[in-house]
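The structure under discussion appears below in the form of C-alpha cells.
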Amino acid sequence: MGLIYHETFDNGPGGWIRVVDNILPLAGLPVREGSIWSWGPWWVDYNHAPPGAGYLQLLMCLPTRGPFGEHQLEVGGTNRFAGEQYPLDFREALVTVCLKGELEPPNSQVCLLVQGSHNGKVSGWVLTGRPLAVNRDFTEQSVTLTPDPHLWTCLGARCGREEMYGFVPLDTILGNVNVNLYLVVFPVHPRPLGPLAGDPHQLRAGRDYPLWPSSIAQGYIAVDTIRVEFSAL
C-alpha cells in the first residue's frame, strides 16, 4: 500500500478553493456538516476553447504545491496536501470521492482533472473515460488514474493562450501533478444568447457574449471525503 491523502473537511476546506474566472480573485467553498459545497452558476472556462478540447466548468480545486498568498490561505485554509508534501506522482493512484449533488442538464458529466507544468507550459488532462456519477444521496466512488491516453482528454489551448497551455504527454503530467487537482464538469457546450458578430471560439464565452443558461451546467455538488492512495511504484 502506498501513501494515503485523506481529506474529511471536518476542520475546514483543507486548501480546496474555487476558481471564479480569469479575472476575479479565488473564492472559498463553504463547509457544512463536514462536507464541502460548490454551487452554480459556475464559470465557463474558455481557456481551452477549440482548437483546444473545449469548454469546462470548474467545481473545486486543490493546488498541489505552494507557496500560497494571503488571500488564498484566507479562503482555502491550511492545505495539508501541499504542506505535508504528498507525492506528485499520480500514476495508478486510486482516488475515492464521496459526493452528492444535483445537476442540470442531467447528462452533465463530472470528471477529475489533473494539471502540471512542464518546461513553462501548463497541460491539463481530464479523466473522461472514468466519470463520477452524481446522485442526490452520498455515494462513494473510486477511479484509478491509469496513464492510458485513451481514458483521458488533453485540454490543449484556445487561440491566444498557447504560451500558457498546451499538450504535454500524459505520462509526464500524471507523473508530476505540480499545479492542481480539480473536479470539473466536462464537456460543456455553451450556446450564445442572441446574435453574435464573430467566431464564438475566438471570443470569450460568457464574457464577450452572454450564454443560454440551459446550455451549461447548473446545480450543486457536495463532497464529504476525498482520498488519494498513491501507488507504491
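Side chains are part of it too, since the values below use all heavy atoms of this structure and drop only hydrogens, waters and symmetry mates. We're numbering straight along the sequence, starting at 1.
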Validation row, ring centre Tyr165 to ring centre His48 under 6.0 Å:
yes
Exercise: identify the closest heavy-atom pair between Ile17 and Pro63
CD1-CG, 3.9 Å
So does Asn11 have more than 12 non-hydrogen atoms from other groups sitting under 6.0 Å from CG?
no
Separation of Ile173 CD1 from Trp152 CH2 (nearest 0.5 Å):
11.0 Å
Please find the pair of heavy atoms, one from Leu94 and one from Ser142, that lie closest to each other, and give the distance.
CD1-CB, 3.9 Å
In the structure I gave you, are the side-chain heavy atoms of Trp16 and Ile226 within less than 4.5 Å of one another anywhere?
yes
Please determine whether residues Leu56 and Trp39 belong to a single hydrophobic cluster, defined as Ile, Leu, Val, Met, Phe, Trp and Tyr linked transitively by side-chain heavy-atom distances below 4.5 Å.
no
Considering all heavy atoms, the nearest Gly34-Asp10 contact
CA-OD1, 3.8 Å
Would you name the heavy atoms of Gly66 and Ala82 that are closest together and state the gap between them?
N-CB, 4.0 Å
Parallel, tilted or perpendicular: which fits the ring planes of Tyr5 and Tyr86, with parallel below 30° and perpendicular above 60°?
perpendicular
Do the ring centers of Tyr46 and Tyr55 come within less than 6.0 Å of each other?
no
Tell me whether Val19 shares a hydrophobic cluster with Val122, the cluster being built from Ile, Leu, Val, Met, Phe, Trp, Tyr side chains joined at under 4.5 Å.
no
Distance, nearest 0.5 Å, that separates OG1 of Thr139 from CG of Leu132:
8.5 Å
What are the two closest heavy atoms between Leu181 and Thr64, and how far apart are they?
N-CG2, 4.2 Å
